[in-house]
Amino acid sequence: MIFLKDYQATLAFYAQVLGFKIGHHWSLPSFRIKEACMLVSLDRRTCIEIFDNEAVIPAQGKKASTEEEIAHGALLHLAFYVQHVDDMYEKALAHEAKAFIEPGQLSLGEPSLVVRNAVIHSPNGEVIEFLEDVDFDVSGKD
């Protein structure tokens, strides 16, 4: 669930940049929800529920009071597999995302797992990581 500062702009970002389909829309006055929507990934295996910023919905963490403040809670960032990190990073910036970590490679852990990634702040403020295909599943590997 994501609260949105600018509902329409955020819908456009998730659809145009990340390829989510705009799913069912609703309102729910008992929770002061004026606008809500379920975004559905292209493979139909992931959904992100979004709400207008005034909705009264239980959530973990707290809202940041300013754009510069970092709010701490349960969700640190979202990560999405992409074909080409550099292309997605540029596409996101062209759709009003803010640069955070430019495309590059990281070596994680021992034994080392090399990942290619980039991180942006969406126009709504979510921290989003783009990852080129890497196998994090170590089950069955010795």
Side-chain angles (χ1 to χ4, degrees), residues 1-139 141:
M1 168 182 56
I2 300 173
F3 288 112
L4 307 181
K5 295 181 285 188
D6 184 330
Y7 190 85
Q8 293 304 322
T10 304
L11 271 180
F13 180 82
Y14 277 84
Q16 294 170 10
V17 175
L18 300 174
F20 277 80
K21 294 178 184 175
I22 298 171
H24 184 70
H25 290 262
W26 67 93
S27 63
L28 197 57
S30 60
F31 287 98
R32 288 193 281 183
I33 299 171
K34 294 176 190 167
E35 296 181 284
C37 178
M38 190 64 76
L39 299 172
V40 182
S41 65
L42 290 177
D43 65 4
R44 298 176 46 115
R45 297 177 54 92
T46 303
C47 294
I48 299 175
E49 195 172 15
I50 59 173
F51 297 94
D52 66 89
N53 203 35
E54 301 304 316
V56 180
I57 301 292
Q60 294 179 323
K62 66 178 184 95
K63 291 182 185 181
S65 59
T66 67
E67 294 260 337
E68 294 76 31
E69 179 184 358
I70 296 174
H72 297 277
L75 177 65
L76 300 178
H77 73 272
L78 301 169
F80 295 103
Y81 283 122
V82 299
Q83 292 284 47
H84 303 285
V85 164
D86 299 77
D87 294 345
M88 185 60 79
Y89 180 81
E90 293 302 323
K91 185 176 183 179
L93 296 183
H95 285 83
E96 300 187 30
K98 294 179 183 167
F100 185 56
I101 299 173
E102 293 182 359
Q105 290 190 353
L106 289 174
S107 179
L108 304 174
E110 284 295 323
S112 180
L113 178 66
V114 176
V115 300
R116 181 154 181 78
N117 75 332
V119 182
I120 56 102
H121 290 268
S122 80
N124 191 59
E126 298 88 49
V127 178
I128 297 176
E129 179 178 12
F130 301 128
L131 289 162
E132 284 186 7
D133 193 23
V134 62
D135 187 1
F136 287 107
D137 183 3
V138 295
S139 63
K141 294 181 182 178

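Every heavy atom of this structure was used, including side-chain atoms; hydrogens, water molecules and symmetry mates were not. Fair warning: this is a prediction, and the values are worked out from it, not measured in the lab.
A donor-acceptor pair shorter than 3.5 Å can be found between the side chains of Asp43 and Ser41.
Met88 pairs with exactly one of Phe130, Phe80, Tyr81 by the side-chain contact (heavy atoms from CB on, under 4.5 Å) rule, that one being Phe130.
With contacts defined as side-chain heavy-atom distances shorter than 4.5 Å, the pair Pro123/His95 does not qualify. Residues Leu11 and Leu39 are in side-chain contact: their nearest non-hydrogen atoms beyond the backbone lie under 4.5 Å apart.
Contact detail for Thr10 and Asn124: the closest heavy-atom pair is OG1-CB, 3.4 Å. Shortest non-hydrogen contact noted between Val85 and Pro103 is CG1-CB, 3.8 Å. Closest approach of Cys37 to Gly23, counting heavy atoms only: SG-O, 3.7 Å. Tyr89 and Val119 get closest at one heavy-atom pair: CE1-O, 4.0 Å. For the residue pair Ala97 and Ile120, the shortest heavy atom distance occurs at CB-CD1, 3.8 Å.
To the nearest 0.5 Å, the span separating CE on Met38 from NZ on Lys21 amounts to 15.0 Å. Distance CD1/Ile101 to CG/Leu106: 7.5 Å, rounded to 0.5 Å. Of the inter-residue distances, the one linking Glu126 atom CD with His121 atom NE2 reads 10.5 Å to the nearest 0.5 angstrom. Atoms CD1 and CD1, from Ile50 and Ile22 in turn, are 7.5 Å apart once rounded to the nearest 0.5 Å. Separation of atoms CZ (Phe100) and CD1 (Ile128) is listed at 13.0 Å; rounding is to 0.5 Å. The distance from atom NZ of Lys98 to atom CG of Leu93, rounded to the nearest 0.5 Å, is 11.5 Å.
Using modelled atom types, one side-chain atom of Asp52 and one backbone atom of Glu35 make a donor-acceptor pair closer than 3.5 Å. Counting only distance, with no hydrogens or angles, the side chain of Tyr14 and the backbone of Val40 share no donor-acceptor pair below 3.5 Å. At least one donor-acceptor pair under 3.5 Å links the side chain of Lys91 to the backbone N or O of Gln16. Of the possible donor and acceptor atoms, none in the side chain of Asn117 sits under 3.5 Å from a partner among the backbone N and O of Leu131.
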**Item:** Pair Val82-Leu18, side chain to side chain contact (heavy atoms under 4.5 Å, CB included): steps then yes or no
**Value:** CA-CA 9 Å; Val82 299; Leu18 300 174; 5.8 Å; no

